[in-house]
Amino acid sequence: AQKITQTQPGMFVQEKEAVTLDCTYDTSDQSYGLFWYKQPSSGEMIFLIYQGSYDEQNATEGRYSLNFQKARKSANLVISASQLGDSAMYFCAMREVTSGTYKYIFGTGTRLKVLA
Amino acid sequence: SAVISQKPSRDICQRGTSLTIQCQVDSQVTMMFWYRQQPGQSLTLIATANQGSEATYESGFVIDKFPISRPNLTFSTLTVSNMSPEDSSIYLCSVYVNTEAFFGQGTRLTVV
């Protein structure tokens with residue numbers, strides 16, 4: 001079974017509008033971390049935002065916020081005031097501990113295109 | 001935070017040859033991780049490299065195909081051996097610092 005599910009292979013958003021990228025996860029661990037990364041066409045992975053499983057408040061980093069709904073096991077990324085430079089692949093990831101080692105599991109990604 | 005320098009950034013290689021990818025971290029880290037991202041797909045963990053011990057490979061990846069070295073706490077190499085076109089991917093190294101994974105710039109490999 002998929003541990004990280006991103007159901008939107010591609011999304012379009014008009015410049016200056018907000019967009020939500022969906023992510024659901026599956027884990028039986030009590031302690032875990034949820035992350036969003038941006039991957040431009042150049043290939044590097046850029047950290048955007050982190051949410052710990054015990055964090056009660058939703059994480060925010062500038063124009064990025066994470067809508068964390070623990071009971072629903074969802075961790076959606078909200079980008080406000082979209083910019084043309086936001087066009088990229090976005091990956092949701094979960095960090096869990098397996099055999100005493102941290103491991104990251106990535107979703108399949110969502111390709112976001114910002115329209116002028 | 002951590003800054004990772006990964007080389008080469010891209011290469012085009014003939015099938016049957018091997019390519020070694022290097023990652024240098026600006027701080028000492030216990031574990032380094034190597035990922036593969038096939039075209040249009042997500043990241044898949046190849047192996048975890050600890051300094052002073054053999055790397056731990058994930059299911060579907062073997063040492064003969066992807067030998068890894070980890071001579072010290074700031075450096076690691078991944079070799080893609082006897083390459084075929086199916087090995088065409090982006091390869092990324094990564095380290096964990098506190099709660100965050102940091103990535104190298106990636107190596108875009110094309111096998112012809």
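No hydrogens, no waters, no symmetry mates; every other heavy atom, side chains included, goes into these values.
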Using a cut-off of under 4.5 Å on heavy-atom pairs, state which of Phe47(A), Phe91(A), Phe35(A) scores highest against chain B.
-> Phe47(A)
Would you mind checking which part of Gln6(A) comes under 4.5 Å of any heavy atom in chain B, side chain (CB onward), backbone (N, CA, C, O), both or neither?
-> neither
Sub-3.5 Å donor-acceptor pair from the side chain of Tyr104(A) to the main-chain atoms of Leu45(B), do we have one?
-> no
State plainly whether the residues Arg95(A) and Glu100(B) are in salt-bridge range, i.e. N to O under 4.0 Å.
-> no
For Gln6(B), is it the side chain, the backbone, both, or neither that has a heavy atom closer than 4.5 Å to a heavy atom of chain A?
-> neither
Checking Thr108(A) side chain against Ser42(B) main chain: does a donor-acceptor pair fall under 3.5 Å?
-> no
Is it true that Tyr64(A) and Ile4(A) fall in one hydrophobic cluster, defined by side-chain heavy atoms closer than 4.5 Å?
-> yes
How many angstroms lie between CD in Gln37(B) and CE in Met89(A), if you round to the nearest 0.5 Å?
-> 7.0 Å
In terms of heavy-atom contacts, does NZ of Lys70(A) have more than 12 from other residues, nucleotides or ligands at under 6.0 Å?
-> yes
Arg63(A) atom CZ: more than 12 heavy-atom contacts under 6.0 Å = yes
Ring centers of Phe106(A), Tyr35(B) separated by less than 6.0 Å = yes
State yes or no: do Leu34(A) and Leu77(A) share one hydrophobic cluster built from I, L, V, M, F, W and Y residues joined by side-chain heavy-atom distances below 4.5 Å, directly or via other members?
-> yes
Rounding to 0.5 Å, atoms CD (Gln39(A)) and CG (Leu43(B)) come to a distance of 6.5 Å
Quick one: pull up CZ in Arg10(B) and OG in Ser42(A) and give me the separation to the nearest 0.5 Å.
-> 9.5 Å
Do Ile4(B) and Met45(A) share a hydrophobic cluster, counting only Ile, Leu, Val, Met, Phe, Trp and Tyr and linking them when any side-chain heavy atoms are less than 4.5 Å apart?
-> no
Are the aromatic ring centres of Phe103(B) and Tyr37(A) under 6.0 angstrom apart?
-> yes
For atom CD1 of Ile46(A), is the number of surrounding heavy atoms from other residues, nucleotides or ligands below 6.0 Å larger than 12?
-> yes
When clusters are formed by joining ILVMFWY residues with side-chain heavy atoms under 4.5 Å apart, either directly or through shared neighbours, do Ile68(B) and Met32(B) land in the same one?
-> no
Taking a hydrophobic cluster as the set of Ile, Leu, Val, Met, Phe, Trp and Tyr residues connected by side-chain heavy atoms closer than 4.5 Å, whether directly or through intermediates, do Met83(B) and Val112(B) fall within one such cluster?
-> no
